[in-house]
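Because the structure is predicted, anything quoted here is derived from the model rather than measured.
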Amino acid sequence: MQIQLSDHFTYRKLFRYVLPSILMMLFTSTYSIVDGFFVSNFVGKTAFAAVNLIMPLVLGVSSVGFMLGTGGSAIVSMTLGQGKGGLANRYFSMVVYATFVLGCIFAAVGFVASPVIARRLGAAGELLAFCVAYGRILFAFMPFFMMQTMFQSFFVVAEKPTYNLKVTVAAGLTNIVLDYVFIKTLGWGIQGAAWATATSYLVGSVVPLVYFFRQHNSSPLRLGATGWYGRVFLKTCTNGSSEMVSNLSASVVGFLYNLQLMKYAGEDGVAAYGVIMYAGFIFIAIFIGYSIGSSPIVSYHYGAGNKAELHNMFRKGLTLMTVGGLVLVGLGELAARPVVALFTSYDVALMEMTVFAARICTLSFVFAAVNIWGSGFFTALNNGLVSALISFLRTLVFQVTTILLLPLLFGLNGVWFSMVTADFLATVVTVVFLVRLRRRYGY
């Protein structure tokens, strides 16, 4: 029996509905690190460092697609809750078309700017060449990457989270198989990793396009004729600004981490940070997946004026994220060595440094869970300002402050502890907003 947004959600039903989104994000995170695995083991440490230097730029630009997906899905879900299906589809179509156009613009700019940014990050010689080769291929496919991230949110609104998972698995398998073929079998090096990833972007975006253009796709959403709804587009951007701020800030902070690590530990530090981020992606993906899967439910009942169900979703979300965060801290501590060994077993000194750092950074998971969910909850309530503020403080202000100050006091260890400190401070802010706005929204 298909679960609908209008249903009452028990823990069991909520778990069934958000599970495909969680699995989708887990699989996305898993295949995202495949490039790193193959590059590190079959191309070398310098190429691996290059991937980690340029990837924050690619992810930062692609965050616009995530912004339009999360912000647009909140509006479309609310409009569906108000019983305006035709208008919801016109809003949906506008967001999809706008995402592709913006993706083309960003692709051109990123392609040209990649060498300049890589040099500013300290890349030179072989490291610079690797950065440019990898980054330019990915930027050429930026419109498809942005649409892939956008569609992940809209599949949940369409009440098709399982279909979303299938598309993500197909894209991920494409990346994994082609990484093996291009890098290990054909020896294309870092360019092979980029082409494998770019091809997966095509799968992850074209398949949803075909699905939503079908007029009989058994979902409430369809692509078709639309107009320009300026206020709605602006609201889409403000609603989803927290998600964009989070991803964009993560890219900026990634640059700062790389700069600090080049200063305190050289290329080994950048490689260690890359491994930690890859491992962290897997755990953080659970929180993001829950937020993506549950937010349209909150938006729907907010639009329908159902405060009892809003309270239900608030209580269950906060409980699940707190308990889940604590569990993942424990799992992260246990899994640190075997996960790190997958990437760095060829260099014992690098592996030991990375394991030590990973066990410190893992402590941030419980705080990150509450912050990511809290930001997504306010996005679902169409309060983009509060959502963006939580993300802005968490991923930029607190991160930048701690990454600049703590290394001055504690050296290399200060770099690792900055992650935990920033997420703890953001949790305090999130809790304050949740308490102060509870009567306004009735959750």
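Thr149 places a side-chain N or O within donor-acceptor distance of the main-chain N or O of Met146, the cut-off being under 3.5 Å. Not a single donor-acceptor pair under 3.5 Å links the side chain of Ser93 to the backbone N or O of Arg90. Not one N or O on the side chain of Ser77 forms a donor-acceptor pair closer than 3.5 Å with the backbone of Ala74. Of the possible donor and acceptor atoms, one in the side chain of Thr402 sits under 3.5 Å from a partner among the backbone N and O of Ser418. The main-chain N or O of Phe155 is never found under 3.5 Å from a side-chain atom of Asn164 such that the two would form a donor-acceptor pair. A distance-only check finds a donor-acceptor pair linking the side chain of Gln260 to the backbone of Ile403 [under 3.5 Å]. Between the side chain of Asn175 and the backbone N or O of Ser200 there is no donor-acceptor pair closer than 3.5 Å.
The CE atom of Met353 sits 6.5 Å away from atom CG of Leu412, with the distance rounded to the nearest 0.5 Å. Separating the CG atom in Leu178 from the CD1 atom in Ile183 is a distance of 10.0 Å, to the nearest 0.5 Å. One distance of note links CD of Glu159 with CG of Leu80; it measures 8.0 Å at 0.5 Å rounding. The line from CD1 of Ile286 to CG of Leu26 is 5.0 Å long, rounded to the nearest 0.5 Å. Put simply, CE on Met147 and CG on Leu209 are 4.5 Å apart, with the number rounded to the nearest 0.5 Å. Here CG of Leu328 is found 8.5 Å from CD1 of Ile284. Values are rounded to the nearest 0.5 Å.
Surrounding CZ of Phe424 are at most 12 heavy atoms belonging to other residues, nucleotides or ligands under 6.0 Å away. Enclosure of atom CZ in Phe15 is not indicated, since only 12 or fewer non-hydrogen atoms of other residues, nucleotides or ligands lie within 6.0 angstrom.
By the salt bridge (charged side-chain N to carboxylate O under 4.0 Å, His left out) test, Glu352 pairs with Arg337, sequence neighbours left out.
Within the 4.5 Å cutoff, no side-chain heavy atoms of Leu409 are placed close to those of Leu405. Residues Ser375 and Arg394 fail the side-chain proximity criterion, which asks for heavy atoms closer than 4.5 Å. You'll find the side chain of Phe398 reaches within 4.5 Å of the side chain of Val429, heavy atoms only. Using a 4.5 Å heavy-atom threshold, the side chains of Pro115 and Arg136 count as touching. The closest side-chain heavy-atom distance from Phe139 to Ser114 is below 4.5 Å. Looking only at side-chain heavy atoms (C-beta outward), Leu14 and Tyr290 come within less than 4.5 Å of each other. Inter-residue side-chain proximity for Leu385 and Thr238 is flagged as unmet; no heavy-atom pair is nearer than 4.5 Å. With a 4.5 Å cut-off on side-chain heavy atoms, Phe378 and Leu434 count as touching.
Using modelled atom types, one finds a donor on one side chain and an acceptor on the other under 3.5 Å when comparing Tyr257 with Gln399.
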Distance-only check: which donor-acceptor pairs under 3.5 Å involve side-chain atoms of residues 96-111, not counting sequence neighbours?
from	atom 1	to	atom 2	distance (Å)
Tyr97	OH	Gly224	O	2.8
Thr99	OG1	Val95	O	2.7

Donor-acceptor pairs are to be reported for all side-chain atoms of residues 360-374 against protein atoms at under 3.5 Å, with residues two or more places apart or in another chain.
from	atom 1	to	atom 2	distance (Å)
Thr362	OG1	Ala358	O	2.7
Ser364	OG	Cys361	O	2.7
Asn371	OD1	Thr427	N	3.1
Asn371	OD1	Thr427	OG1	3.2
Asn371	OD1	Thr430	OG1	3.1
Asn371	ND2	Phe367	O	3.0
Asn371	ND2	Asp423	O	3.1
Asn371	ND2	Asp423	OD1	3.2
Asn371	ND2	Thr427	OG1	3.4

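The two residues Leu221 and Asn217 have their closest heavy-atom pair at O-ND2, 3.0 Å. Contact record, Gly332 with Phe283: CA-CZ, 3.9 Å, taken as the closest heavy-atom pair. Residues Gly325 and Phe287 come closest through the heavy atom pair CA-CZ, 4.1 Å. Considering all non-hydrogen atoms of both residues, Ser294 and Val18 come closest at N-CG1, 3.8 Å. Of all heavy-atom pairs spanning Pro296 and Val156, the tightest one is CG-CG1, 3.6 Å. When every heavy atom of Val157 is checked against every heavy atom of Pro220, the shortest pair comes out as O-CG, 4.1 Å.
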Check your understanding: Can you check ring-ring contact (aromatic ring centres under 6.0 Å, His included) on Phe410 and Phe417, steps first, answer last?
Key -> CA-CA 9 Å; Phe410 305 107; Phe417 275 108; 7.4 Å; no
Point to revise | Criterion side-chain contact (heavy atoms from CB on, under 4.5 Å) on Thr174 and Ile176, from CA distance to verdict | key: CA-CA 6 Å; Thr174 299; Ile176 292 170; over 6 Å; no
Point to revise | Val232/Ile75 under side-chain contact (heavy atoms from CB on, under 4.5 Å): CA gap, chis, key distance, verdict | key: CA-CA 8 Å; Val232 173; Ile75 291 178; 4.1 Å; yes
Practice item. Dump the intermediate steps for side-chain contact (heavy atoms from CB on, under 4.5 Å) on Arg359 and Trp416, then the final yes or no. Key: CA-CA 9 Å; Arg359 285 179 170 158; Trp416 312 127; over 6 Å; no
Point to revise | Chi angles and distances behind the ring-ring contact (aromatic ring centres under 6.0 Å, His included) call for Phe145, Tyr201 | key: CA-CA 5 Å; Phe145 189 18; Tyr201 295 164; 4.1 Å; yes
Practice item. Would you please test Phe212 and Phe151 for ring-ring contact (aromatic ring centres under 6.0 Å, His included) and show each step? Key: CA-CA 10 Å; Phe212 284 116; Phe151 279 127; 5.7 Å; yes
Point to revise | Trp188 and Phe182: CA distance, side-chain angles, deciding distance, ring-ring contact (aromatic ring centres under 6.0 Å, His included) verdict | key: CA-CA 6 Å; Trp188 288 5; Phe182 292 162; 4.5 Å; yes
Exercise for review: Starting from the C-alpha separation in whole Å, work towards a yes-or-no answer on side-chain contact (heavy atoms from CB on, under 4.5 Å) for Met150 and Phe66.
Suggested key: CA-CA 5 Å; Met150 175 208 63; Phe66 198 41; over 6 Å; no
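Tested against Phe154 for a ring-ring contact (aromatic ring centres under 6.0 Å, His included), the candidates Tyr211, Tyr91, Phe92 yield a single pass: Phe92. Only one option out of Ser299, Ser73, Ser391, Ser387 pairs with Thr379 in a side-chain hydrogen bond (donor to acceptor under 3.5 Å, both in side chains); it is Ser387.
Using a 30° and 60° split on the angle between ring planes, Trp228 and Phe233 fall in the tilted class, from 30° to 60°. Ring orientation note: the planes of Phe38 and Tyr180 are nearly perpendicular, at an angle over 60° on the 30°/60° scale.
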